[in-house]
S.K.: 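Just dropping this structure here.
Every value quoted in this text rests on a predicted model; they were computed, and no experiment measured them.
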Amino acid sequence: MNTSALIRPAWTPATIALMVIGFMVFWPLGFAMLAYIIWGDRLDGFKRDVNRATDGIFAGCRRGSDKAARWGHGSARTGNVAFDDWREKELERLNEERRKLDEMLTQFDEYARELRRAKDQDEFDRFMANRNKSTAPTKTDPSTGTTPTKRGKGSNLLDD
């Protein structure tokens with residue numbers, strides 16, 4: 001029995017014919033076949049890596065649900081009333097700490113936002129002051145009583 005496949009990632013007459021037909025029918029199919037011929041031998045390793053990664057993700061989900069059931073986030077109880085009461089009090093204390101931390105985070109975010117606003121306002125005020133200095137009216141010449149005008153290249157298009 002022949003163990004080599006007819007369509008394998010190699011330059012065989014069948015894969016070349018499929019690539020040419022793919023280009024004639026719809027050009028992305030031809031490119032897909034070309035990619036399979038060139039990089040198809042890496043697909044086994046790629047599939048293996050993807051399977052390993054997804055198995056790890058779903059195994060983590062299973063572990064997370066087991067932990068949730070063990071630590072009171074599910075309906076599972078240990079049967080030891082004293083331990084279960086202590087665990088519930090600790091979880092309530094931790095939830096309170098989490099709430100306090102969330103409030104502190106919100107307060108800090110508001111403080112940082114206000115600080116950025118103040119900094120932006122200061123920069124804007126500085127910009128406006130510099131802008132007003134550069135566009136301030138020019139002083140009049142006391143001898144002639146007129147304002148001096150700058151006459152240079154490009155100041156009047158008709159002068160050029």
Side-chain angles (χ1 to χ4, degrees), residues 1-78 84 87-88 90-136 149-160:
M1 178 175 189
N2 190 357
T3 59
S4 66
L6 180 64
I7 301 173
R8 61 183 185 278
W11 293 101
T12 63
T15 56
I16 293 171
L18 284 174
M19 180 182 65
V20 171
I21 292 171
F23 275 115
M24 289 184 341
V25 173
F26 185 56
W27 63 268
L29 292 176
F31 276 122
M33 192 63 200
L34 179 64
Y36 176 72
I37 292 170
I38 295 172
W39 294 296
D41 55 341
R42 299 180 189 166
L43 285 178
D44 290 333
F46 176 74
K47 283 180 7 183
R48 212 174 15 258
D49 293 342
V50 168
N51 286 338
R52 226 179 279 135
T54 54
D55 288 347
I57 290 170
F58 290 117
C61 292
R62 282 192 301 273
R63 283 192 302 266
S65 65
D66 292 344
K67 285 181 184 177
R70 270 198 312 262
W71 292 106
H73 297 291
S75 61
R77 296 187 59 85
T78 63
D84 290 339
R87 183 182 64 192
E88 287 179 20
E90 286 296 309
L91 289 174
E92 288 173 12
R93 183 184 64 78
L94 290 173
N95 286 335
E96 182 64 25
E97 287 292 320
R98 168 70 67 186
R99 189 187 59 75
K100 287 179 185 177
L101 287 173
D102 289 342
E103 286 177 9
M104 289 172 62
L105 178 63
T106 303
Q107 290 172 354
F108 178 75
D109 286 342
E110 290 172 7
Y111 171 76
R113 191 177 314 112
E114 191 61 31
L115 199 61
R116 279 191 299 270
R117 191 198 62 74
K119 181 182 173 194
D120 290 347
Q121 184 67 44
D122 183 44
E123 289 175 358
F124 177 74
D125 292 343
R126 205 170 339 140
F127 166 76
M128 289 303 288
N130 288 340
R131 182 176 173 266
N132 288 338
K133 280 186 214 173
S134 65
T135 60
T149 58
K150 279 179 132 177
R151 304 285 301 211
K153 184 169 174 122
S155 63
N156 190 349
L157 292 178
L158 296 176
D159 290 342
D160 291 336

S.K.: Quick one: list whatever passes side chain to side chain contact (heavy atoms under 4.5 Å, CB included) with E88, sequence neighbours left out.
M.R.: R77
S.K.: How far does CD of Q121 sit from CD of E114, to the nearest 0.5 angstrom?
M.R.: 10.5 Å
S.K.: For R99, is there an ion pair with E96 - N to carboxylate O distance below 4.0 angstrom?
M.R.: yes
S.K.: Salt-bridged, E90 to R87, with N to O below 4.0 Å?
M.R.: no
S.K.: How long is the gap from CG on D125 to CG on D120, to the nearest 0.5 Å?
M.R.: 11.0 Å
S.K.: Run the salt-bridge test on D122 and R126 with the 4.0 Å N-O cut-off and return the result as yes or no.
M.R.: yes
S.K.: Distance check, rounded to the nearest 0.5 Å: L115 atom CG versus R113 atom CZ?
M.R.: 12.0 Å
S.K.: Please work out which of the three classes, parallel, tilted or perpendicular, describes the rings of W27 and F31, given edges at 30° and 60°.
M.R.: perpendicular
S.K.: I need the D102 CG to Q107 CD distance, nearest 0.5 Å.
M.R.: 11.5 Å
S.K.: Using the test side chain to side chain contact (heavy atoms under 4.5 Å, CB included), find all partners of W11 that sit at least two apart in sequence or belong to another chain.
M.R.: I16, M19, L34, I37, I38
